[in-house]
Amino acid sequence: MSIHKEVKRITTHILQEMKNHGEKIAMLTAYDYSMAAIVDEAGVDIILVGDSASNVMAGHETTLPITLDQMIYHASSVVRAAKRALVIVDLPFGSYQGNSKEALNSAIRIMKESGAHGVKIEGGVEIAESVSRILTAGIPVMGHLGLTPQSIYKFGTYTVRAKEEAEAQKLREDAIKLQELGCFGIVLEKIPALLAKQVSESLSIPTVGIGAGQSCDGQVLVIHDMLGINKGFSPRFLRKYADLHEVMNNAIQNYVSDIKTKSFPNEKEEY
């Protein structure tokens, strides 16, 4: 039984309490009103308006093409649906790297124009100035380490990160740095489970894993992946909780068939 079942609105303070009490944090993505309403009602603690919208909503190969305006559009739709969950929005590629003033302006636009509750930003020490500046404005920031999809062309692959000790050590240091700066939590993506355990235990703030094992303080998946709407994507870390691709495909085929055979609409369905 969750100690936060009756909470009116999840806050960063409540997430911290959840880590302190050992209650796991459930996080899912959503990009539109209808889906966000279902996710929120089902009891998810954090809704991430991910730049994964670039892939699953717009059909791009990477997260890089999505713009700040598009992220604000998606975030606004989600915020209108979320009654209980904390809504966190990804700062998209190009809206914060290398320019802390632009980072602050991007974060302020997201907060003002979408009504979201915080932002997520990829990277460690190299974005410290941007993180600090955003936090100075009173905007909650979630970090993101490990596989950072906005840097995919630098990595050249979506394989597991930080398997070598040098990269693992940098990740440990980055995590501590993000905590010191004032981030309320950190997403750890596709890193060895043992490293994620070490990082989670070394931090006082919560970690949320994706492909980072069971020792993180919470877990996140992309909703289109876990509901089986995307057919081709099945990495080891993904557990599919439904096969909506098949359900939807069958429903639509039946609809088409009913129209072709003139069985829809019938007399009960007309005025």
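Small disclaimer: the values here were computed from a predicted structure and weren't measured.
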J.: Tell me if the NZ atom of K197 is crowded by more than 12 foreign heavy atoms within 6.0 Å.
T.: no

J.: Measuring from L15:CG to I46:CD1, what's the distance to the nearest 0.5 Å?
T.: 4.5 Å

J.: Looking at Y73, I want to see if its OH is surrounded by more than 12 non-hydrogen atoms of other residues, nucleotides or ligands under 6.0 Å.
T.: no

J.: What heavy-atom pair brings H117 and P140 nearest, and what distance separates the two atoms?
T.: O-CG, 3.3 Å

J.: Is there a donor-acceptor pair under 3.5 Å between the side chain of N230 and the backbone N or O of G232?
T.: no

J.: Are any non-hydrogen side-chain atoms of M71 and D90 less than 4.5 angstrom apart?
T.: yes

J.: So V131 and K177, do their side chains get closer than 4.5 Å, heavy atoms only?
T.: no

J.: Between I191 and G146, which heavy-atom pair has the shortest distance, and what is it?
T.: CG2-CA, 3.6 Å

J.: Could you tell me whether a side-chain N or O of S257 sits under 3.5 Å from a main-chain N or O of Q253, the two making a donor and an acceptor?
T.: no

J.: So do Y96 and E122 actually touch side chain to side chain, heavy atoms under 4.5 Å?
T.: yes

J.: Do K190 side-chain atoms and G211 backbone N/O form a donor-acceptor pair below 3.5 Å?
T.: no

J.: State yes or no: do I229 and V220 share one hydrophobic cluster built from I, L, V, M, F, W and Y residues joined by side-chain heavy-atom distances below 4.5 Å, directly or via other members?
T.: yes

J.: I need the D174 CG to Q169 CD distance, nearest 0.5 Å.
T.: 10.0 Å

J.: So for atom OH, which belongs to Y255, do other residues, nucleotides or ligands contribute more than 12 heavy atoms lying within a distance under 6.0 Å?
T.: no

J.: Using modelled atom types and a 3.5 Å cut-off, is there a donor and acceptor pairing between side-chain atoms of T11 and backbone atoms of I14?
T.: yes

J.: Does V44 offer a backbone N or O that forms a donor-acceptor pair with the side chain of R84 under 3.5 Å?
T.: yes

J.: So does R172 pair up with E165, basic N to acidic O under 4.0 Å?
T.: yes

J.: Is there a donor-acceptor pair under 3.5 Å between the side chain of E41 and the backbone N or O of I38?
T.: no

J.: Mark yes or no for whether D258, through its side chain, and S263, through its backbone, hold a donor-acceptor pair below 3.5 Å.
T.: no

J.: Does atom NZ (K83) have a neighbourhood of more than 12 heavy atoms from anything else shown, all under 6.0 Å?
T.: yes

J.: Count the heavy atoms of every other residue, nucleotide or ligand shown that sit under 6.0 Å from CD of E126, and state whether that count exceeds 12.
T.: yes

J.: So that I can tick it off, tell me whether K163 and E167 are bridged by a salt bridge, with the cut-off set at under 4.0 angstrom between side-chain N and carboxylate O.
T.: no

J.: Would you say that more than 12 heavy atoms from the other residues, nucleotides or ligands in this model lie under 6.0 Å from the CD of E270, or not?
T.: yes

J.: If we ignore hydrogens and angles and just use 3.5 Å, is the side chain of K120 paired with the main-chain N or O of V187 as donor and acceptor?
T.: no

J.: Would you check, one step at a time, whether the test side-chain contact (heavy atoms from CB on, under 4.5 Å) holds for V87 with S114?
T.: CA-CA 10 Å; V87 179; S114 78; over 6 Å; no

J.: Where do A103 and L91 come nearest, in terms of heavy atoms and distance?
T.: O-CD1, 4.4 Å

J.: With a 4.0 Å cut-off, would you call K24 and D45 a salt bridge?
T.: no

J.: What's the separation between atom CE in M111 and atom CD1 in I72, rounded to the nearest 0.5 Å?
T.: 11.5 Å

J.: So Y31 and H224, would you call those rings parallel, tilted or perpendicular, with 30° and 60° as cut-offs?
T.: tilted

J.: Side chains of L178 and L145, heavy atoms from C-beta outward: is any pair under 4.5 Å?
T.: yes

J.: Is any side-chain heavy atom of M142 closer than 4.5 Å to a side-chain heavy atom of V208?
T.: yes

J.: Between Q70 and S54, is there a side-chain heavy-atom distance shorter than 4.5 Å?
T.: no

J.: Calculate, to the nearest 0.5 Å, the distance between atoms OG and CD1 belonging to S95 and I121 respectively.
T.: 7.5 Å

J.: Quick one: does Y153's side chain get under 4.5 Å of L64's, heavy atoms only?
T.: yes

J.: Please give me the minimum heavy-atom distance between S100 and R133, naming the atom from each residue.
T.: OG-NH1, 2.9 Å

J.: For the CD atom on E129, are there more than 12 heavy atoms of other groups (residues, nucleotides or ligands in this structure) within a distance under 6.0 Å?
T.: no

J.: What do the steps show when you test Q150 against H144 for side-chain contact (heavy atoms from CB on, under 4.5 Å), and what is the final call?
T.: CA-CA 11 Å; Q150 290 179 12; H144 184 148; over 6 Å; no

J.: Spell out, yes or no, whether L48 and Y33 are grouped together once hydrophobic residues are joined by side-chain heavy atoms under 4.5 Å, including indirect joins.
T.: no

J.: Determine whether I152 and I66 fall in the same hydrophobic cluster, where Ile, Leu, Val, Met, Phe, Trp and Tyr are linked whenever their side-chain heavy atoms lie under 4.5 Å apart.
T.: no

J.: Can you tell me which residue among V160, T148, I210 is in a side-chain contact (heavy atoms from CB on, under 4.5 Å) with E189?
T.: I210

J.: Tell me whether V49 is reachable from I223 by hopping between hydrophobic residues (I, L, V, M, F, W, Y) whose side-chain heavy atoms are closer than 4.5 Å.
T.: yes

J.: OG1/T29 to CE/M57 distance, rounded to the nearest 0.5 angstrom?
T.: 9.5 Å

J.: Find the distance between CG (D40) and CE (M35) and round it off to the nearest 0.5 Å.
T.: 14.0 Å

J.: Do F237 and Y241 belong together in a cluster built from hydrophobic side chains that touch within less than 4.5 Å?
T.: yes

J.: Check the pair F93 / T63 against side-chain contact (heavy atoms from CB on, under 4.5 Å), numbers first and verdict last.
T.: CA-CA 8 Å; F93 177 74; T63 61; 5.7 Å; no

J.: Determine the minimum heavy-atom distance between A162 and L195, stating which atoms define it.
T.: CB-CD2, 3.5 Å

J.: Would you say that L86 contacts F184 through its side chain, given a criterion of any heavy-atom pair below 4.5 Å between the two side chains?
T.: yes

J.: Considering all heavy atoms of both residues, which atom of L181 and which atom of S132 are nearest to each other, and what is their separation?
T.: CD2-OG, 3.1 Å

J.: Taking atom CD as the centre, does E61 end up with more than 12 heavy-atom neighbours from other residues, nucleotides or ligands that are less than 6.0 angstrom away?
T.: no

